[in-house]
Each structure stands twice: as structure tokens, then as C-alpha cells.
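Note that the structure is a prediction, hence the values are computed from the model and not measured.
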Amino acid sequence: MSQASQRVFSGVQPTGNLHLGNYLGAIKRFVAMQSSHECIYCVVDLHAITQDRSVWGGPEELARSTREVTAAYLASGIDPAAHIVFNQSQVAAHSELAWIFNCVARVGWLNRMTQFKDKAGKNRENASVGLYAYPNLMAADILAYRATHVPVGEDQKQHLELTRDIAQKFNIDMADACTEAGYPDGFFPLPEPLITGPATRVMSLRDGDKKMSKSDPSDLSRINLTDDADTIAKKIRKAKTDPDALPESMEALKGRPEAANLLGLFAALQDATLETVLPQFAGRQFSELKQALADLAVEKLSPIAGEMQKLMASQDHIDAILKDGAERANAIAEPVMADVRRIMGFVR
Ligand code: AQP
């Protein structure tokens with residue numbers, strides 16, 4: 001397949017507190033893919049409401065957060081004219097295809113999803129059906145555009161595997177109709193997850209064994225994209241460490257999650273690899289790494305925070321970008337849905 005026929009799709013939930021994990025694991029890589037691929041970047045507001053209202057914050061907060069994620073995309077360097085930026089709820093294909101996928105995916109498949117287990121916790125009986133079926137909606141997000149590549153953080157790997165299983169089962173179950181519709185090799189591509197670089201799983205600054213996450217009650221656990229320079233420096237200074245000096249080799253980094261995390265962050269922010277950064281700090285104290293990391297994080301993140309603030313002052317501008325993006329997204333998704341309806345036998 002030529003690069004021109006490769007289509008990238010990915011998204012971020014508007015649930016507040018966009019953090020360095022979202023930036024390095026996802027948004028920064030979205031930016032990089034623009035030069036080589038046709039890209040569609042979505043603010044997945046339908047996913048945000050799968051958790052309790054206390055988590056997504058209600059209508060005003062959802063709208064604010066949707067605009068804030070859009071501002072983060074633009075401030076980080078995503079070009080909404082050359083590519084597509086929009087919010088999910090403006091394109092009906094996501095919900096329509098998700099229903100069809102609810103009927104393709106098996107209960108046993110969803111029962112294995114670790115993110116549902118983590119997010120539902122002990123209170124599983126009280127979790128929303130939407131949270132349980134979240135991976136089916138994610139599969140619909142990607143496949144409504146017949147996207148081939150999906151840049152995500154490590155935590156989304158299992159959902160991408162499920163997306164491939166859904167695409168494959170649809171292609172097999174509907175093989176005769178796919179052939180009749182002109183797709184003898186199956187209608188949906190099996191999308192490839194793109195999980196690369198030194199920051200595919202950024203860990204909490206308070207606990208190197210826990211993922212940096214929006215929902216962590218401790219704000220000190222994460223660097224928010226909207227944090228000012230002093231806050232970034234303070235959080236890095238307070239980050240958990242271990243008592244030893246920094247190691248010389250990848251081998252010696254094993255079993256030292258905090259050292260691996262801080263070095264990984266430094267490498268990712270510097271567009272370097274962990275291997276090239278290691279010798280720079282080998283044998284040094286954590287305090288030296290923390291100082292260098294704080295300086296680098298402020299240098300890279302402050303311009304983004306400043307630009308986000310400017311963009312957020314112009315709500316109409318952001319809304320116009322989302323509307324234009326939704327129209328262009330719909331123009332791709334609607335013919336795909338027309339084929340899906342024909343393949344399924346829905347009369348029109
Ligand atoms: N810690 C992380 N390291 C690397 N990548 C990460 N991503 C999230 N956390 C990390 C990636 O960011 C993209 C958008 O994530 P999302 O907004 O869809 O939701 P999420 O993965 O549920 O984010 P959080 O912060 O972990 O939220 P909560 O606290 O609600 O669980 C995805 O590509 C994701 O991989």
C-alpha cells in the first residue's frame with residue numbers, strides 16, 4: 001500500500017487535565033505523522049461520557065474540555081487545514097457503526113478488556129454500558145474512515161487488537177456481501193497500532209509503577225499541559241526517585257521504574273532515544289537529571305501552554321475549525337457507511 005493510501009486516525013478524550021503522557025504518547029506523534037500521511041484527529045466527546053458525570057463534569061465542562069483538547073492539538077502543531085480536526089459527536093457515523101460493531105464483537109472479547117476492569121473497579125455492576133462497550137465505539141471511530149494506522153499510547157494496545165478482531169469478523173461474516181459490493185478482500189482494513197518512541201507509557205511522577213493519568217487524584221502525579229513553568233519545575237523536583245545514582249546501561253535500568261520514567265521523559269522531549277540519553281546522566285545524581293528535565297520540559301511545554309491560552313480566548317475560531325473538520329470527516333465517513341448499510345442489507 002502506498003503512503004498516500006494510508007490513513008491515520010486517532011483521538012483524545014475531553015475529560016480535563018491533558019497531561020504529558022497524552023502529549024508524548026499521542027499528540028506529539030500525531031504532529032509528526034502529518035508530513036507523511038493523511039491524518040484525521042478527533043476529540044472523542046462520546047467516549048468522555050462513558051464515565052460518571054462527576055468525571056466528565058457536565059455540559060459546560062464537556063464543551064470547555066472539547067475546546068481545550070482542540071486548542072492543544074493546534075498549539076502542538078496540528079494543521080487543521082491540511083488535515084482534519086473535529087469532535088466525534090458531530091459525525092453520526094461513529095454512533096451508527098458502533099451499534100453494528102456491538103453486534104459483531106463478542107461479550108467474551110469485551111470481558112477481557114483491562115481498561116474496563118481498571119476504570120469500573122470494584123463497582124462493576126454500576127458501570128455504564130457505554131464504558132463496557134467503549135472499545136466497540138473506538139473500533140467504529142477508526143473504521144468509519146477505513147483508517148490504516150493509529151498512533152496511540154501503550155495503554156490502548158488491547159483496544160487496537162480488538163478493533164482488528166472486529167474488522168476481521170465483519171469481513172468474514174459478511175464475505176459474500178463484501179465481494180458483491182466490490183470488496184473481495186474484505187471491506188475493512190486491519191488497522192496497525194503505532195506505539196513507538198521512548199514515551200509510549202509515561203508513568204506517574206509519584207509512583208513509577210502507575211500510569212500518568214488524568215484521573216489520578218494527586219495533581220503532583222502528572223504534568224498538565226496547562227501548568228506554568230514554576231509548577232512544572234516544582235512537580236519534577238518532587239518526583240519520586242530511588243537512592244542510587246543514575247545507571248549506565250539499559251540493563252541496569254531494569255527494576256528502577258522512576259529512573260526509567262524520568263530518563264524516558266527527557267529522551268522523548270529531546271526527540272532522542274533512551275540509549276542516547278543514558279550516557280549523558282550515567283553515574284549522576286537524580287537532582288541533576290531533575291534540573292535538566294525541568295528546564296527542557298519548560299522550554300518545550302511553555303510555548304504550547306501560551307498558545308493554548310490564546311486559542312481558548314477565541315471560542316468561535318475553535319468551534320469553526322471543529323465544524324469544518326466535521327463536515328470534511330463526514331464526507332469521508334458517509335460513503336463508507338453507505339457501503340456498510342448495503343453490505344448489511346439495510347433498505348434505504
Ligand atoms: N501515561 C500515558 N503515557 C503515554 N500515553 C498515554 N495516553 C494516555 N495516558 C498515557 C495516550 O493518550 C491518548 C489519549 O488518551 P485518552 O484521553 O483517550 O484517555 P486515557 O488513555 O484514558 O487517558 P488517561 O489520562 O489515562 O485518562 P484516565 O485517567 O481517565 O484513564 C491515547 O493514545 C493514550 O494511549
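Residues that satisfy the salt bridge (charged side-chain N to carboxylate O under 4.0 Å, His left out) test with Lys234, not counting sequence neighbours, are absent from this structure. The side chain to side chain donor-acceptor pair (under 3.5 Å) check on Arg124 picks up nothing, with sequence neighbours excluded.
With hydrogens and angles ignored, the 3.5 Å screen pairs a side-chain donor or acceptor of Asn171 with a backbone N or O of Phe188. A donor-acceptor contact shorter than 3.5 Å links the side chain of Asp227 to the backbone of Asn224. Side chain of Asp52 to main chain of Val55: no donor-acceptor pair is present (N/O by atom type, distance under 3.5 Å, no hydrogens or angles). Between the side chain of Arg29 and the backbone N or O of Val152 there is at least one donor-acceptor pair closer than 3.5 Å. Between the Asp339 side chain and the Val336 main chain, no donor and acceptor come within less than 3.5 Å of each other. A donor-acceptor contact shorter than 3.5 Å is absent between the side chain of His159 and the backbone of Met138. Between the Lys235 side chain and the Asp219 main chain, a donor and an acceptor come within less than 3.5 Å of each other. Of the possible donor and acceptor atoms, none in the side chain of Asn136 sits under 3.5 Å from a partner among the backbone N and O of Ala98. Within the 3.5 Å criterion, the main-chain N or O of Gly208 finds a donor-acceptor partner in the side chain of Glu258. Judged by distance alone, the side chain of Lys214 and the main-chain N or O of Gly16 form no donor-acceptor pair under 3.5 Å.
Looking only at side-chain heavy atoms (C-beta outward), His149 and Glu192 come within less than 4.5 Å of each other. Counting only heavy atoms from C-beta outward, the side chains of Gln280 and Gln270 approach each other to under 4.5 Å. Inter-residue side-chain proximity for Tyr73 and Val43 is flagged as met; some heavy-atom pair is nearer than 4.5 Å. Between Pro193 and Lys157, every side-chain heavy-atom pair lies at or beyond the 4.5 Å cut-off. Counting heavy atoms from C-beta on, the side chains of Leu205 and Leu220 never come closer than 4.5 Å. For the pair Lys169/Trp109, a side-chain contact is recorded, criterion being any heavy-atom separation below 4.5 Å from C-beta on. In this structure, the side chains of Arg284 and Leu289 stay at 4.5 Å or more apart for every pair of heavy atoms. Within the 4.5 Å cutoff, side-chain heavy atoms of Val31 are placed close to those of Gln34.
The pair Arg64-Glu60 does not count as a salt bridge, with every side-chain nitrogen at least 4.0 angstrom from each carboxylate oxygen. Taking a cutoff of 4.0 Å between a charged side-chain nitrogen and a carboxylate oxygen, Asp324 and Arg328 qualify as a salt bridge. Salt bridge status for Asp271 with Lys28: present, with a side-chain N to carboxylate O gap under 4.0 Å. Between Arg222 and Asp216, no side-chain nitrogen of the basic residue sits less than 4.0 Å from a carboxylate oxygen of the acidic one, so the salt-bridge criterion is not met. The pair Arg341-Glu334 meets the salt-bridge criterion, since a charged nitrogen lies less than 4.0 angstrom from a carboxylate oxygen. With respect to Glu180 and Arg342, no salt bridge is recorded, no charged nitrogen being found less than 4.0 Å from a carboxylate O.
Checked against a 6.0 Å centroid threshold, the rings of His94 and Tyr145 count as neighbours.
Residue Lys323 places its NZ atom among 12 or fewer non-hydrogen atoms of other residues, nucleotides or ligands, all under 6.0 Å distant. Around atom CD of Glu327, more than 12 heavy atoms belonging to other residues, nucleotides or ligands sit under 6.0 Å away.
Closest of all the heavy-atom pairs between Gly325 and Ile84 is O-CG2, 3.4 Å. Nearest heavy atoms, Pro151 versus Met33: CG-SD, 3.9 Å. The minimum heavy-atom distance linking Ser76 with Ala72 is given by the pair OG-O, 2.6 Å. Nearest approach of Arg106 to Cys103, heavy atoms of both residues: NH2-O, 3.1 Å. Closest approach of Phe116 to Ala127, counting heavy atoms only: CE1-CB, 3.9 Å. When every heavy atom of Thr114 is checked against every heavy atom of Gln158, the shortest pair comes out as N-OE1, 2.8 Å.
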Quick one: do Val85 and Leu322 satisfy side chain to side chain contact (heavy atoms under 4.5 Å, CB included)? Show the steps, please. CA-CA 6 Å; Val85 172; Leu322 291 174; 4.3 Å; yes

Stepwise side chain to side chain contact (heavy atoms under 4.5 Å, CB included) check, Thr15 with Ser65: CA-CA 6 Å; Thr15 35; Ser65 212; 5.5 Å; no

Step by step, work out the side chain to side chain contact (heavy atoms under 4.5 Å, CB included) result for Ile332 and Glu38. CA-CA 12 Å; Ile332 300 172; Glu38 173 198 356; 3.9 Å; yes

Kindly determine whether Thr66 and Ile318 satisfy side chain to side chain contact (heavy atoms under 4.5 Å, CB included), including the steps that lead there. CA-CA 10 Å; Thr66 299; Ile318 292 187; over 6 Å; no

Audit row: Gln6, His37, side-chain hydrogen bond (donor to acceptor under 3.5 Å, both in side chains) steps and yes/no: CA-CA 6 Å; Gln6 296 185 350; His37 291 76; 2.8 Å; yes

Begin with the C-alpha distance, continue with both residues' side-chain angles, and end with the deciding distance and a verdict on side-chain hydrogen bond (donor to acceptor under 3.5 Å, both in side chains) for Thr179 and Asp176. CA-CA 5 Å; Thr179 303; Asp176 50 347; over 6 Å; no

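Checked against Arg256 for a side-chain hydrogen bond (donor to acceptor under 3.5 Å, both in side chains), the options Thr241, Asp244, Asp242, Asn261 give a single hit: Asp242. Partner Pro189 forms a side chain to side chain contact (heavy atoms under 4.5 Å, CB included) with one of Arg146, Arg164, Arg7 and no other, that one being Arg146. Only one option out of Phe30, Phe86, Phe9 pairs with Tyr41 in a ring pair (Phe, Tyr, Trp, His ring centres under 6.0 Å); it is Phe30.
In the hydrophobic clustering of ILVMFWY residues, with side-chain heavy atoms under 4.5 Å counting as a link, Leu274 and Ile236 come out together. Under the 4.5 Å side-chain heavy-atom criterion for ILVMFWY residues, a single connected hydrophobic cluster contains both Tyr23 and Ile223.
The distance from the CD1 atom of Ile304 to the OG1 atom of Thr226 is 11.5 Å, given to the nearest 0.5 Å. Rounding to the nearest 0.5 Å gives a distance of 15.0 Å between CZ of Arg53 and OG of Ser128. Here CD of Gln115 is found 6.5 Å from CG of Asp155. Values are rounded to the nearest 0.5 Å. With rounding to the nearest 0.5 angstrom, the CD atom of Glu275 is 10.0 Å from the CG atom of Leu253.
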